[in-house]
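Input: a single structure, listed below in structure tokens.
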Amino acid sequence: MKAERSPAASGPAAAPLTLEGTSVLHQMFRIRRAGLRELNSGRRTEIAREIGDALAGMQRREDGESAAFSILGHKADLMLVHFRAGFEHLARAQAEIAALTIDNYLEPTTSYLSMVEIGLYEASVRLYERLATDGIEAGTPQWRDAVDAALKENREKLAARLWPRIPERRYVCFYPMNKRRGEHRNWYQLPIEERQRLMHDHGMIGRRYAGQVTQIISGSVGFDDWEWGVDLFADDPLVFKKLIYEMRFDESSALYAEFGPFYVGIRLAPDELAKTIADCG
Amino acid sequence: MKAERSPAASGPAAAPLTLEGTSVLHQMFRIRRAGLRELNSGRRTEIAREIGDALAGMQRREDGESAAFSILGHKADLMLVHFRAGFEHLARAQAEIAALTIDNYLEPTTSYLSMVEIGLYEASVRLYERLATDGIEAGTPQWRDAVDAALKENREKLAARLWPRIPERRYVCFYPMNKRRGEHRNWYQLPIEERQRLMHDHGMIGRRYAGQVTQIISGSVGFDDWEWGVDLFADDPLVFKKLIYEMRFDESSALYAEFGPFYVGIRLAPDELAKTIADCG
Amino acid sequence: MKAERSPAASGPAAAPLTLEGTSVLHQMFRIRRAGLRELNSGRRTEIAREIGDALAGMQRREDGESAAFSILGHKADLMLVHFRAGFEHLARAQAEIAALTIDNYLEPTTSYLSMVEIGLYEASVRLYERLATDGIEAGTPQWRDAVDAALKENREKLAARLWPRIPERRYVCFYPMNKRRGEHRNWYQLPIEERQRLMHDHGMIGRRYAGQVTQIISGSVGFDDWEWGVDLFADDPLVFKKLIYEMRFDESSALYAEFGPFYVGIRLAPDELAKTIADCG
Amino acid sequence: MKAERSPAASGPAAAPLTLEGTSVLHQMFRIRRAGLRELNSGRRTEIAREIGDALAGMQRREDGESAAFSILGHKADLMLVHFRAGFEHLARAQAEIAALTIDNYLEPTTSYLSMVEIGLYEASVRLYERLATDGIEAGTPQWRDAVDAALKENREKLAARLWPRIPERRYVCFYPMNKRRGEHRNWYQLPIEERQRLMHDHGMIGRRYAGQVTQIISGSVGFDDWEWGVDLFADDPLVFKKLIYEMRFDESSALYAEFGPFYVGIRLAPDELAKTIADCG
Amino acid sequence: MKAERSPAASGPAAAPLTLEGTSVLHQMFRIRRAGLRELNSGRRTEIAREIGDALAGMQRREDGESAAFSILGHKADLMLVHFRAGFEHLARAQAEIAALTIDNYLEPTTSYLSMVEIGLYEASVRLYERLATDGIEAGTPQWRDAVDAALKENREKLAARLWPRIPERRYVCFYPMNKRRGEHRNWYQLPIEERQRLMHDHGMIGRRYAGQVTQIISGSVGFDDWEWGVDLFADDPLVFKKLIYEMRFDESSALYAEFGPFYVGIRLAPDELAKTIADCG
């Protein structure tokens, strides 16, 4: 991908090198059950089977996969998560859902557009230091070659995390977040070494929950209204609370994190999704 | 529950040990009375009886209980509060309500998802100090064993508060809240001893109102858009004002509390709820 | 009322003693005129008469009174203000309005729940000083007796202001407000003597407008989303602007006041309200 | 008008003397074209003629005048601006619009209530200085007489600006604004001499655009959710951008101005308004 | 255009000279597919062809051009971007869309009104310095002549950028933004030389992406609720993320930029737009 270029600047305020993988679209819907109930049960079953079949067909495809979740609370009844090879594919997934008969009974409440992202803070700091030591100036062809080589190496090494499957856990927790750019506390003004240290400590907390929760971070700068989307997948929802509460005391969250709305849901297999629709009347 | 692990860090910025119990869902609805009025009175009575019966069946169950409240003002006509053994059970409660005929006439205005929580500030400070004195480092197996033992002991001791019944008082006051993470005033950057002192003083105010109000705190970090939900139950609503106003001058609230919207309601027994619906035409 | 207890703390950060009286509910509605116009004129007149009669019956009752206002601008067409003996009575008033046929054509846009409140800053400072001089510690039985006596004395003296009638002026101005709890400017961290001084100066401005405007302050901590509701009643609406603009330069407002939305309306007698409805087609 | 009293305080934090004139109501509407299209063309023409005639009748009356604007963008299709002798007259204008058949097809999106205002900063500073020099204390009868005399003199001198016509320019730009009351930057805490200087410099920018733009400031403290409404009228909309952008660097705006939403529209003569409605099907 | 006047002030807080060109309107719509599905397929095809033809006719006109984009996520289904010679022409474009049959099935979700703008920071600083050196005072006829000459020269030189075509790239990213006017960080209080340096560094980042992305900045001070609108056009959407993320570390963005909502879309040719509508049933 041509866009996978490295930033030209290094120095204290440098952006970290980042890698992008899977394109992600979260779609949240309220289901207009009153409308569905006006249909006879046969028609409703047809509509239910149609979306169930559509989801089954999207669960594992060449260009990605999709999953459905039943959301707790009023924010949505249904969340669809689409992982795809690119935005073109996401647009197609969106169009496929919009073309289903159920679309007449879905009211979109929100959505989120992002790309799976890995921020290479450690590699960036190491590389920038080495280049500085070697007297290679930022933006020169030599500098660029070194950066491209580092990106390539990491892209291969981290391919599985850049192009993940949707984890097969029962619960999901999704929320968007920003790094603060306050008048006094400003993440984007910290030296990269400081940011690297904070991200490292932050990551250590997550690591201790590794067996219990699968975390997928996606970047949304330029795509949606927050800077990152976070998806946590677990079999016990309490782990969401434990992990995020512990992180809140971590310096990087305590001082610099801003959180958007939280969505907690339970995985729906295609037949469960169909049953939810068919049985609502 | 596997997720009930202790945080690995101690030291000044340590998270307090917390215990979680009952899973809680608040559902706020506006009732579409104009729609109900289009039905004949017999049909309306049927629908009213159906939700009345459903609530009666939910009042006391193996896996929890539910209560209904009539809300004052425009934010909702009806608030349902579900206390359950877990999120799976909450999802079922939500589905049961959605499956009632009245669902066609309910417009969800908001909701809140949380778990009853007890923050063990005093025990945490005592324990962390003892472990420090004994030279036991955070995160070591010994440290973990000591923490797990403390959690277990408190979980047993506090079982009744972790798995409470919905208090049988006439009035409820529900609101969500955060601890401030301002650029200058940041709860999550205070030393744990300071937070413990503030929580202690805060608790002393509540204690003086003990006979008049029953308070249930639930944690919602990772579940909903604020960090905690607070439910107050009393027979005289003035006590809500007196208690919360007095607390506002308390250092912990004055400096660090951020409050969401307030919901004040009057308890509806199942037959009162049914009557409200049946009589609306 | 059992809840009318005094706070136990004195000292610089003490809450002032407060007295509560009338329970207040503001209800704002948009009128669905298009729906009313689909009815024939006879039916509309019936509906109009029904709400006119209801308002007439609520104007002066054992347990309080209600008034109607036509609101200027898009925020509402109609504001109903209910003054009642307690929340139970407010709930009944709300139910009575909801039971009218016009309810099918009313869309609630907002509401406000509060209790008429008098903050006894001067008396509190005097009393706390005397008790300190006499060496009587906060929270002791002696302290409590002195406080209760002061409350009782003031409650009797101020009964007319605690249980006011809705003033018979042509214009109303309603708005909710908070005292700021900023990171640097925090009302709830000021010494009580300082707050008393600021409230005194603030009150002096109001006093100069005494003949022109009647002000009723109600407290809503624990009841609604702001801390106070302010109702101003005047025969000339310009006085609202003059009074509030002048107060904005007053230290207590300039530094510590946060204002919610403003509602300005014109009093509707029951027959005027009925005429508004009947003539809308 | 009795309410046109002067503030009693002078000194550094004094409010400036202000004069009020025309009462102003801005009404923004979206037009439900889909509904109008369901009518036959004859009926639509009738409805169009009715609102066209109403506007023609309101263009120049004893008690004021009204104008219609077609708004660019989604915020509204139609903005009506009513200039009247008082709020009673505004209420009547509002009722007249609500009584038109088109009302069934108008969805109010927002509105703004205010009074044309002139802040007498220069006169106030001069007067307060003279009174201080003469040893006349604020609030004394002598002080009051001097203030009333100054108000009377200015009210006569500025009558044309207090009771303006709606300028006959092709474009309008309307927006509400506040003066900042931040924790560090607080307009209402500046000495009046400093505010006078800032307002003077601010005014000098406007003066240079005098030929190109007509500005009408109305005060809304106590009436609506911002402190002032600003209406700019020009034949070339670029002048709005030039003027406001230049002012943004001016100290008074740069440090103290907070801006609400902007509405830009094109004047509609009564027959153009009618044509817009009639032709929409 | 008469309004293209220069600001009269120079000195540290001077506004930069700016040039304005094309008038721009972004219109975002949700498509009411459920309504379109109620039509028979022939009628739907007619409606689809009508908007397709309208767009084809707007793609290249004497007075500007328009483009359609399919938006990813729930914020809109369709974004129309109109570039025109002036606001009068934009109003006509808006009216043309409103007159289409599809208008019955379009729900406007938001919009943005602006003018293509080039801020002449470098030229302004150079000119102001030269004038200062020559002792020519701001606002004098000589000063004005020099400024007008500079504007004229730049207007001719930059005509292609002031009156751009809509770039023929597959992806668009649109977002509005402000420069911060915080209590401590205030763009509008920086000396012009400092702002010039920040804008220069900011521009250097963009320049490195020149081949991959086409950027059009439009100014909206006085026209809409943010100060600028930014349109990025690219063939690979990842470039939006890379560019904006890198810029976020740049001093001018890190300290002074505030961002509104982001809209990402895929270009729809007229026949693709028609197909989208026709096939939705």
Side-chain angles (χ1 to χ4, degrees), chain D residues 30-31 33-35 37-38 70-75 77 170-171 173 175 180 182-186 201 204-205 207-209 211-213 232 234-251 253-266 276 279-281, chain E residues 1-9 13-16 18 20 23 25-29 32 35 86-88 90-91 94-95 98-99 101 103-115 117 119 139 179 181-184 186-190 192 195 219-227:
Chain D
R30 210 171 273 182
I31 300 174
R33 289 187 297 266
R37 284 178 191 127
E38 287 168 12
S70 159
I71 295 295
L72 277 153
H74 80 294
K75 290 176 194 162
D77 292 310
R170 184 146 181 77
Y171 289 91
C173 168
Y175 60 95
R180 181 184 272 172
E183 295 194 76
H184 304 288
R185 297 284 187 187
N186 190 325
D201 293 356
M204 291 313 286
I205 299 175
R207 203 162 301 178
R208 291 195 306 102
Y209 286 83
Q212 295 178 282
V213 66
L232 304 178
D235 291 320
D236 179 354
L238 180 51
V239 77
F240 301 145
K241 181 175 186 290
K242 290 290 187 188
L243 169 60
I244 300 175
Y245 188 55
E246 188 175 344
M247 280 187 170
R248 198 143 300 184
F249 289 91
D250 157 60
E251 209 175 327
S253 296
L255 293 177
Y256 298 107
E258 295 174 338
F259 300 100
F262 284 75
Y263 294 83
V264 172
I266 302 181
T276 297
D279 288 1
C280 90
Chain E
M1 239 177 289
K2 281 189 309 279
E4 291 236 359
R5 297 177 43 195
S6 57
T18 61
E20 283 82 11
S23 292
L25 180 64
H26 289 74
Q27 293 188 291
M28 285 73 157
F29 299 104
R32 292 195 184 108
F87 277 17
E88 205 76 47
L90 286 182
Q94 182 172 311
T101 316
D103 177 65
N104 279 358
Y105 305 95
L106 294 181
E107 179 194 332
T109 56
T110 189
S111 65
Y112 210 77
L113 180 65
S114 53
M115 275 187 201
E117 175 190 306
K179 290 297 191 188
R181 291 189 302 118
E183 296 194 76
H184 305 287
N186 190 325
W187 175 259
Y188 293 91
Q189 285 279 295
L190 294 181
I192 190 168
R195 278 178 278 134
S220 42
V221 169
F223 299 150
D224 218 316
D225 303 352
W226 297 79
E227 297 173 342

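Throughout, protein chains are lettered first and strands after them, A, B, ... in sequence-line order, and every chain is numbered starting at 1.
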Report which part of E/Asn186 has an atom under 4.5 Å of a heavy atom belonging to chain D: side chain, backbone, both, or neither.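 Side chain only.
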Are any side-chain N or O atoms of E/Arg181 and backbone N or O atoms of D/Ala257, one a donor and one an acceptor, separated by less than 3.5 Å?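 Yes: the side chain of E/Arg181 pairs with the backbone of D/Ala257.
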Quick check: does any side chain N or O of D/Arg37 sit under 3.5 Å from a backbone N or O of E/Thr101, one acting as donor and the other as acceptor? no
Without hydrogens or angle criteria, can the side chains of E/Thr18 and D/Lys242 be said to hold a donor-acceptor pair below 3.5 Å?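 Side chains of E/Thr18 and D/Lys242: pair found under 3.5 Å.
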For E/Ser220, which residues count as a side chain to side chain donor-acceptor pair (under 3.5 Å) partner, sequence neighbours excluded?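 So E/Ser220 forms a side chain to side chain donor-acceptor pair (under 3.5 Å) with E/Tyr112.
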Answer key: most heavy-atom pairs under 4.5 Å with chain D among E/Glu117, E/His184, E/Glu88, E/Glu227 is E/Glu88
With chain D as the partner, which of E/Leu113, E/Leu90, E/Asp103 has the greatest number of non-hydrogen pairs under 4.5 Å?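 Max contact count across the listed options: E/Asp103.
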For E/Gln27, side-chain contact (heavy atoms from CB on, under 4.5 Å) partners two or more places apart: E/Leu25, E/Phe29, E/Leu80, E/His82, E/Gln94, E/Ile97
Heavy-atom pairs under 4.5 Å with chain E - which of D/Lys241, D/Lys75, D/Arg185 has more of them than the others? D/Lys241
I'd like to verify something: which residue of D/Gly182, D/Ala234, D/Gly265 has the highest number of heavy-atom pairs under 4.5 Å with chain E?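 Going by pairs under 4.5 Å, I would pick D/Gly182.
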Between D/Tyr171 and chain E, which part of the residue has a heavy atom less than 4.5 Å away: side chain, backbone, both or neither?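 Just its side chain gets close to chain E.
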Is it true that E/Glu183 and D/Arg180 make a salt bridge, defined as a side-chain N closer than 4.0 Å to a carboxylate O? no
